[in-house]
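This one's a predicted model, so the numbers in the text were calculated from it and none came from an experiment.
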Amino acid sequence: MTPARSLEVRERPWRSPLAVAAGLRHLEGPLALLSDGGALGRWSFVAAGPDRVHVGDTGQGGSLDLLRSADFSAGVVGLIAYDAGARAATGSREPVWPDLMLARYPAMLAFDHQGRTVRVIGRGEDPDAARAAADSAEHWLAAAVDPARSPAPADAFTAEAPPETYLAAVADVVSRIGAGQLYQANIARAWAGELGSGVDPFDIMLRLADRAAAYGAFWRLGDRAVVSNSPELFLTFDPDSRRIESRPIKGTRPRDPDPVRDAALADELRASAKDQAENLMIVDLMRNDLSRVAEPGTVAVSTLFEVESHPTVHHLVSTVEGLARPGVGPADLLEATFPPGSITGAPKHEAMKVIAGHEPPRGPWCGSLFHIEDDGRLTASVLIRTASFERAKGRWRFRTLAGAGIVADSDPAAELAETEAKIRALREALTGL
């Protein structure tokens, strides 16, 4: 049983979470979970100065027992790299990123976009410690600065392989699907480069601010950082109602500046039998994954094939939900469902084997960034539209990927074009082009 920790919560007037995050960017372990304030993103969270950190392996067999410990059961942000979940299917491969990163924050600010208020949160072993943590968080509000958008931070955005390699990979997967080996696999391309001198990953977050998504994030621990502009929910869990929800994305069209053409593209996506089939396969996969931790008979599809429009793409999204069995918590949910089905394929294990045959390790891309609140509430995103950064000799190198779900009637050229549409916002944020 996790021992109780003291908690102090104060209500304060609204401030911009991005401005507050900008004031904390040079502290240790800065965190900004920045939502767009829409229907799926009511809350943003900003913090710094974690008092517990883990950067390394998951437990034996991919166990997340650290999330069941007193140190990391609440007030915690974590990242599970894609390869941590894929390793069982793909065999041992040298990791390019730690399997698991965790940080516990004694001080945090929670921004309610609907109520236009800020919660100052302090956590500690006793009331005095919680009060001191809340005081620290309150000081962050006063330190907010209006962030200045930097010029394009990176000089290059270099593909790790030529387009022909991706076209051949898609053709190979289509052939394997035709042979009955699998039904769908998400195949990705990667790009890399280096930020200019004096530039850091938070500058990329600033350049994405006018394209905010429901699950935007900036997080830096030591010499590693991630910037995410993800629109995709992997999991939420409400411990009071025991409700679990997942919103897999499958199906994409680019946006068009012409409103008539843009609406036609959204209608085309909505009516596409191919994209509906691609989406439905992953919906069935998520139903199966959730059934491992849900009460029998409670897993259901509440919405199917909804079109969501984002700054650069339209997406086809469905919602799968269920009621968790008694005793199930965030660690159980993540263990049962990771990696997300939307970025692996069906069947999941076979798809991960095929992915490993065409891609080097993915690192954090298509893993999950998650937040566990004080009551055990979980929110976990899928790390698409995400760049990872590592610092060496004072400079930050970045890597980012974009993928597409390959099915029996996939056209390699169309899937290549889909990856270009998906990477557009990050490419423009990094290079201005």
- What pairs with Phe202 under ring pair (Phe, Tyr, Trp, His ring centres under 6.0 Å), at least two apart in sequence or on another chain? Phe218
- Thr386 side chain to Trp365 backbone, donor-acceptor under 3.5 Å: no
- When rounded to the nearest 0.5 angstrom, what distance separates OG in Ser136 from CE in Met108? 13.5 Å
- Examine the side chains of Thr319 and Arg247 and answer whether a donor and an acceptor come within less than 3.5 Å of each other. yes
- Message: Determine whether a donor-acceptor pair (N or O, by modelled atom type, separation under 3.5 Å) exists between the side chain of Ser272 and the backbone of Glu268.
- Response: no
- Query: Between the side chains of Asn279 and Ser318, is a donor N or O closer than 3.5 angstrom to an acceptor N or O?
  - Reply: yes
- Note on the structure: With sequence neighbours left out, the residues meeting salt bridge (charged side-chain N to carboxylate O under 4.0 Å, His left out) with Asp262 are Arg255
- Does the pair Asp223/Arg397 count as a salt bridge with the N-to-O cut at 4.0 Å? no
- Query: Roughly how far apart are Glu232 CD and Lys250 NZ, rounded to 0.5 Å?
  - Reply: 7.5 Å
- Task: Compare every heavy atom of Arg377 with every heavy atom of Pro239, then report the nearest pair and how far apart it is.
- Result: CD-CA, 3.7 Å
- Task: Measure the OG-CD1 distance between Ser246 and Ile244 for me, rounded to the nearest 0.5 Å.
- Result: 10.0 Å
- Query: Under the side-chain contact (heavy atoms from CB on, under 4.5 Å) test, which residues partner Thr252, sequence neighbours left out?
  - Reply: Val313, His315, Glu418, Lys422
- Message: To the nearest 0.5 Å, what is the distance between CG on Leu304 and CD on Gln276?
- Response: 7.5 Å
- Task: Check the surroundings of atom OH in Tyr183: do more than 12 heavy atoms from other residues, nucleotides or ligands lie under 6.0 Å from it?
- Result: no
- Query: Distance from Leu401 atom CG to Thr419 atom OG1, nearest 0.5 Å?
  - Reply: 10.5 Å
- Task: Report yes if some heavy atom in the side chain of Tyr215 is under 4.5 Å from a heavy atom in the side chain of Leu369; otherwise report no.
- Result: no
- Item | CA sep, side-chain torsions, deciding dist, call: Val226, Leu79, side-chain contact (heavy atoms from CB on, under 4.5 Å) | CA-CA 10 Å; Val226 290; Leu79 189 157; 3.8 Å; yes
- Message: Could you measure the distance from the OG atom of Ser230 to the CD1 atom of Ile249? Nearest 0.5 Å is fine.
- Response: 6.5 Å
- Message: Looking at Thr431 and Glu428, would you say the former's side chain and the latter's main chain have a donor-acceptor pair under 3.5 Å?
- Response: no
- Passes side-chain contact (heavy atoms from CB on, under 4.5 Å), Val407 versus Met281? Steps please. CA-CA 10 Å; Val407 292; Met281 288 181 205; 4.1 Å; yes
- Message: Using a 3.5 Å distance criterion without hydrogens, assess whether the side chain of Asp126 forms a donor-acceptor pair with backbone atoms of Ala129.
- Response: yes
List the atom pairs, donor and acceptor, that lie under 3.5 Å between side-chain atoms in residues 44-54 and the rest of the protein, sequence neighbours left out.
{"residue": "Ser44", "atom": "OG", "partner": "Ser35", "partner atom": "N", "Å": "2.9"}
{"residue": "Ser44", "atom": "OG", "partner": "His113", "partner atom": "NE2", "Å": "2.7"}
{"residue": "Asp51", "atom": "OD1", "partner": "Arg104", "partner atom": "NE", "Å": "3.1"}
{"residue": "Asp51", "atom": "OD2", "partner": "Arg104", "partner atom": "NH2", "Å": "3.1"}
{"residue": "Arg52", "atom": "NE", "partner": "Asp71", "partner atom": "OD1", "Å": "3.3"}
{"residue": "His54", "atom": "NE2", "partner": "Asp57", "partner atom": "O", "Å": "2.9"}

- Salt-bridge test for Lys348 and Asp289: reply yes if a basic N is under 4.0 Å from a carboxylate O, no otherwise. yes
- Task: Given side-chain hydrogen bond (donor to acceptor under 3.5 Å, both in side chains), test His314 with Ser309 step by step and report yes or no.
- Result: CA-CA 4 Å; His314 301 289; Ser309 296; 2.8 Å; yes
- Under a 4.0 Å N-O cut-off, is there an ion pair linking Glu295 with Arg325? no
- Using a 4.5 Å cut-off on heavy atoms from C-beta on, say whether the side chain of His371 contacts that of Val76. no
- Query: Going by an N to O cut-off under 4.0 Å, is there a salt bridge joining Glu335 and Arg68?
  - Reply: yes
- Note on the structure: residues 173-189 vs salt bridge (Lys or Arg N to Asp or Glu O under 4.0 Å), sequence neighbours excluded, gives Asp172-Arg176, Arg189-Glu420
- Item | Distance-only donor-acceptor check, side chains Glu415 and Ser410, under 3.5 Å | yes
- Message: Between Phe338 and Phe234, does the side-chain contact (heavy atoms from CB on, under 4.5 Å) criterion hold? Intermediate values first, please.
- Response: CA-CA 9 Å; Phe338 190 83; Phe234 178 28; 4.0 Å; yes
- Could you tell me whether the side chain of Trp396 reaches within less than 4.5 Å of the side chain of Arg220, counting heavy atoms only? yes
- Message: Before you tell me yes or no, could you show the steps for Phe370 and Val77 under side-chain contact (heavy atoms from CB on, under 4.5 Å), namely the whole-Å CA-CA distance, both residues' side-chain angles and the distance that decides it to 0.1 Å?
- Response: CA-CA 6 Å; Phe370 60 89; Val77 170; over 6 Å; no
- Below 4.0 angstrom, N of the basic side chain to O of the carboxylate: do Asp200 and Arg391 qualify? no
- Task: Look only at the side chain of Asn229 and the backbone of Arg385, and say whether a donor-acceptor pair between them is shorter than 3.5 Å.
- Result: no
- Query: Do Arg253 and Asp275 sit within salt-bridge range, that is, some charged N less than 4.0 Å from a carboxylate O?
  - Reply: yes
- Can you see which heavy atom on Ala171 is nearest to which on Pro412, and at what distance? N-CG, 4.3 Å
- Query: Within the distance-only criterion (no hydrogens, no angle test), does the side chain of Tyr166 pair as donor or acceptor with the backbone N or O of Ile187 below 3.5 angstrom?
  - Reply: yes
- Message: Does Glu28, at its CD atom, have more than 12 non-hydrogen atoms belonging to other residues, nucleotides or ligands within less than 6.0 Å?
- Response: no
- Item | Glu245 side-chain N/O to Val320 backbone N/O, donor-acceptor pair under 3.5 Å | no
- Heavy-atom nearest pair, Arg362 first then Ile343, reads NH1-O, 2.9 Å
- Query: So, do Arg427 and Leu430 sit near enough that their side-chain heavy atoms are less than 4.5 Å apart?
  - Reply: no
- Query: Does a side-chain N-to-carboxylate-O contact under 4.0 Å join Arg399 and Glu160?
  - Reply: yes
- Message: For Glu321, give me all partners under salt bridge (charged side-chain N to carboxylate O under 4.0 Å, His left out), at least two apart in sequence or on another chain.
- Response: Arg243
